[in-house]
Each structure stands twice: as C-alpha cells, then as structure tokens.
Amino acid sequence: MSEKFDLMTTVEYGGCSAKLPADKLEKLLSDIPILEDEHLLVGNDTHDDAMVWKLNEETALISTTDFFPPVCSDAYEFGQIAAANALSDIYAMGGKAVSALNLVLFPADQRIPMEVLHEMLRGGAEKCIEAGAVLGGGHTIDDFPPKYGLAVTGLVHPDRIITNAAAEPGEFLILTKALGTGVLSAGRRIGEANDEDYRAAIDSMKQLNRYAAELMQEYNLRCATDITGFSLLGHGMKLARESNVCLEIDSQSIPVLPGVYDLIDYGCIPGASFRNLSYVESYAEFGTDLDYNLKMIAADAQTSGGLLMCVPEDAVPDILGRLKKYYLSAAIIGRISEHKTDTPYVRLK
C-alpha cells in the first residue's frame with residue numbers, strides 16, 4: 001500500500017529542485033525557432049509562467065505544463081502537490097483553470113507497487129476538482145524514478161492578463177506563502193527535519209493559489225509571478241528584468257517556514273540554492289550585513305510556492321488583510337523602484 005512505500009527513497013532531489021539550471025536553459029533556448037503569430041499574447045520571450053493565446057475579443061487561452069520527481073514520502077500528497085504546482089502557472093497569469101491532462105512517468109517493473117500510482121493520480125484528481133478543472137485523461141510512460149504533473153489549460157480576458165513584465169516603480173511586493181520547502185524536503189530526506197515542520201511544508205505546497213489569483217483580478221493587478229524552482233531571487237529577478245525595474249527586498253520581512261533557518265545553520269542547503277544564486281548574482285546586489293541564512297532562504301528552490309504580487313500602495317492594506325485570511329504567512333517583503341543602467345535588478349538587504 002502507498003502508505004508503506006516512501007517515495008523519497010527513489011530520488012536524491014525532487015519537486016522543483018529538479019529543474020535544469022536557469023542560466024543554461026536561457027542560453028539553450030535563445031535560438032530555438034518560434035512561429036510568430038498575432039494571436040500569441042504571451043510567449044517565451046519574457047520567460048513568463050505560461051503561454052497565452054487570444055481566441056477572440058473576450059477570451060484568451062492559457063496553456064502550461066509542469067511535472068517533477070517526488071517531493072514528499074506519501075503518494076497521495078505527492079499527487080496533490082504536483083497538481084497544485086502545475087495549476088499555479090494559470091493562477092500567476094490571473095486565469096481560471098478549466099481542464100487538465102495527467103503526465104505520468106512510472107516504472108512498469110513492479111519495483112514500486114501500482115497502488116502508489118493510484119494514490120498519486122487520486123491526489124492529483126482531487127486537487128483538480130478543488131480547482132474546478134476537468135481532468136480529461138493524460139499520458140503514461142515507463143520510467144524511474146517516478147514523476148508526475150499536469151498539462152493545464154486556463155481562461156482569461158485578453159485585457160486582464162497578469163504577466164511578469166508589467167511591474168511599476170512605487171508598487172509594493174507581497175509574497176503569499178512562506179519560503180523553505182526545498183530546505184525542509186532536503187532536511188526530511190536526511191532525517192533532520194522534524195514532523196511538525198515538515199507537515200507545515202506539505203500543507204503549504206498543497207495549497208492552491210486560486211484565491212490569490214481571484215483577488216488580483218478583483219483589484220486589477222497586472223504583474224505577478226509564482227515562486228517555484230528558481231527561488232524568490234530567480235523568479236523575482238526575471239520579473240524585474242522583464243519589467244525593467246528594481247526589486248528592493250527586505251530579507252527580514254520574508255516569511256519563512258518553521259525549522260528552515262535552523263536547518264540551514266546545520267548545513268542543510270540544497271544544491272539548487274547555489275545554482276539559483278549563480279543565476280542571479282550578476283543581476284543582484286546583496287547588503288553587506290545580510291544574514292547568510294536569509295540569503296540562502298531567498299535562493300531556496302520552492303515547490304508549489306506562493307505568488308509574488310506587485311501591488312499599488314493604496315491597495316496594499318485591503319489586499320494583505322484579505323490574503324492573510326487564507327494564506328496566513330502572506331507578507332509585504334519590499335517594494336519596486338526605478339531601474340537604471342548602473343543599478344541591479346534585485347537588491348536584497
């Protein structure tokens with residue numbers, strides 16, 4: 001049965017920590033040919049969270065996909081987390097998820113009981129139901145270690161798309177979920193993360209960003225991104241670069257999951273954190289008295305992380321107050337300033 005099989009034993013690293021390094025991906029994709037079309041409203045050029053295709057004057061289609069190796073021990077929870085993570089790209093664009101297809105890589109040689117696959121799919125299906133998205137099938141192949149995710153389709157009005165390229169100086173940065181899922185997953189794998197802290201990470205990863213997306217549309221926000229494998233620093237830097245602004249982030253204001261700081265003190269720092277730092281270092285400036293642990297938390301690869309929202313000052317109190325009723329860790333972590341040729345895209349102090 002799935003509760004007797006620990007999926008964490010199949011991987012050295014999982015979840016969004018399994019992403020290829022961002023700098024290598026950007027270089028690799030730079031000369032891949034892409035068909036230009038007037039209906040393509042958001043493509044790969046801005047490295048946004050999903051593609052957006054205009055169907056008509058009232059409707060645009062959001063298309064995305066995401067899958068990864070196990071990030072937790074329990075198959076059912078792995079399915080929930082992987083589905084929530086894939087759905088998040090739709091929410092980051094301000095859309096409503098309407099349909100999904102399973103992406104499954106699982107060994108056919110019975111080294112893992114087939115009941116584990118059943119539980120993975122059950123978890124994903126129930127998360128799709130929670131999102132209001134119809135799960136219409138999918139594709140499976142024989143592979144080890146197992147991997148799971150979704151291809152998701154969403155809808156949004158063409159004039160109400162939220163992108164990572166529309167931030168404005170003077171706006172505040174609100175992060176909806178605490179950081180540290182990568183560190184806690186790694187800590188659990190080596191037996192150092194305690195049950196209560198690990199449970200907080202699992203619960204955070206399972207939580208949908210649906211409410212945050214609906215709130216962004218209600219307040220007519222136009223810039224956001226979700227924080228996943230490239231970390232707060234990596235995804236924040238891409239947002240700043242595409243918007244041509246500077247993110248001024250206060251490390252002391254970043255919400256952090258319990259136990260994460262102590263794990264980093266112990267030396268539990270996933271390799272993805274160093275890859276993320278390498279990716280942003282030429283675009284970022286770090287305060288001279290910056291706490292090293294907080295710097296590494298900002299570089300931690302998140303799985304099914306929160307949304308980083310760019311919010312006008314007059315809307316901050318209402319939005320933050322309402323977010324905290326659903327995302328208890330939601331916090332203001334900084335603000336946006338003008339980017340000049342001699343300034344970085346991200347300042348972390």
Side-chain angles (χ1 to χ4, degrees), residues 19-32 42-49 92 161-176 179 221-256 264 269 272-302 305-316 331-349:
K19 282 189 174 185
L20 292 174
D23 52 351
K24 290 183 171 58
L25 269 180
E26 284 191 5
K27 184 176 181 180
L28 179 143
L29 294 173
S30 62
D31 63 349
I32 299 296
V42 180
N44 190 52
D45 54 328
T46 58
H47 305 99
D48 221 310
D49 294 295
I161 301 167
I162 297 172
T163 78
N164 69 351
E168 296 287 346
E171 292 179 325
F172 283 74
L173 295 167
I174 292 181
L175 182 62
T176 62
L179 301 183
L221 303 189
R222 284 294 160 261
C223 188
T225 190
D226 68 337
I227 306 304
T228 56
F230 298 141
S231 76
L232 173 64
L233 287 177
H235 290 287
M237 183 276 290
K238 288 202 288 185
L239 183 151
R241 193 176 62 186
E242 300 307 330
S243 299
N244 195 31
V245 297
C246 177
L247 303 193
E248 309 273 357
I249 300 175
D250 178 7
S251 64
Q252 299 290 333
S253 298
I254 296 173
V256 181
I264 291 179
I269 306 175
S273 300
F274 297 102
R275 294 195 295 272
N276 288 333
L277 274 180
S278 175
Y279 174 50
V280 305
E281 60 185 356
S282 61
Y283 301 96
E285 178 181 287
F286 302 106
T288 55
D289 58 349
L290 176 64
D291 185 323
Y292 177 78
N293 289 15
L294 294 180
K295 179 181 180 180
M296 298 314 297
I297 288 169
D300 186 40
Q302 302 304 286
L307 297 187
L308 181 64
M309 303 159 54
C310 303
V311 183
E313 184 174 4
D314 59 354
V316 168
I332 302 167
I333 65 167
R335 63 184 305 167
I336 300 168
S337 63
E338 183 181 356
H339 177 260
K340 300 178 182 179
T341 54
D342 59 344
T343 59
Y345 283 108
V346 177
R347 283 196 179 97
L348 181 68
K349 63 178 183 178

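All values reported here derive from a predicted model rather than from experimental measurement.
Using a 30° and 60° split on the angle between ring planes, His339 and Tyr345 fall in the parallel class, below 30°.
Between Ser251 and Asp291 the shortest side-chain heavy-atom distance does not fall below 4.5 Å. Contact of the Thr228 side chain with the Lys19 side chain is registered, since non-hydrogen atoms from C-beta on lie closer than 4.5 Å. Leu232 places none of its side-chain heavy atoms less than 4.5 Å from the side chain of Gln302. With contacts defined as side-chain heavy-atom distances shorter than 4.5 Å, the pair Met309/Phe172 does not qualify. Put simply, the side chain of Phe230 does not reach to within 4.5 Å of the side chain of Thr225, judged on heavy atoms. Contact check for Leu308 versus Asp226: no side-chain heavy atoms found under the 4.5 Å cut-off. At least one side-chain heavy atom of Pro255 sits under 4.5 Å from a side-chain heavy atom of Ile333. A heavy-atom distance below 4.5 Å is not found between the side chains of Leu25 and Tyr279.
Smallest separation of non-hydrogen atoms from Leu277 and Ala299: CG-CB, 3.8 Å. Nearest heavy-atom pair across Ala165 and Cys223 is N-SG, 4.2 Å. Contact between Leu221 and Ile162 at its shortest, heavy atoms only, is O-CG1, 3.4 Å. Scanning both residues, Leu239 and Ala224, for their nearest heavy atoms gives CD1-C, 4.1 Å. Shortest non-hydrogen contact noted between Val245 and Pro169 is CG1-CD, 4.0 Å. Looking at every heavy atom in both residues, Ser278 comes nearest to Asp23 through OG-OD2, 4.2 Å.
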(message) Please determine whether side-chain contact (heavy atoms from CB on, under 4.5 Å) holds for the pair Leu247 and Ile336, giving the CA-CA distance in whole Å, both sets of side-chain angles, and the decisive distance to 0.1 Å.
(response) CA-CA 5 Å; Leu247 303 193; Ile336 300 168; 3.9 Å; yes
(request) Could you please spell out the steps behind the side-chain contact (heavy atoms from CB on, under 4.5 Å) verdict for Ile161 and Val42? (result) CA-CA 9 Å; Ile161 301 167; Val42 180; 4.2 Å; yes
(message) Could you go through Ile254 and Leu294, starting from their C-alpha distance and side-chain angles, then the distance that decides it, and tell me whether this counts as side-chain contact (heavy atoms from CB on, under 4.5 Å)?
(response) CA-CA 8 Å; Ile254 296 173; Leu294 294 180; over 6 Å; no
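Residues satisfying the side chain to side chain donor-acceptor pair (under 3.5 Å) test with Thr343, not counting sequence neighbours, are none.
Annotation: the span from Glu285 atom CD to Lys349 atom NZ amounts to 11.5 Å, rounded to 0.5 Å. Once rounded to the nearest 0.5 Å, the distance linking CE of Met296 with CD1 of Ile269 reads 4.5 Å. The OG atom of Ser231 lies 12.0 Å from the CD1 atom of Ile297; values are rounded to the nearest 0.5 Å.
Within the structure, salt bridge (Lys or Arg N to Asp or Glu O under 4.0 Å) contacts touching residues 292-302 (residues at least two apart or in different chains) do not occur.
None of Arg222, Glu171, Glu168 except one satisfies the side-chain contact (heavy atoms from CB on, under 4.5 Å) rule with Cys310; the exception is Glu171.
Taking 4.0 Å as the cut-off between side-chain N and carboxylate O, Glu248 and Arg335 do not count as a salt-bridged pair.
In this structure a side-chain-to-backbone donor-acceptor pair under 3.5 Å is present from Asn276 to Gly229.
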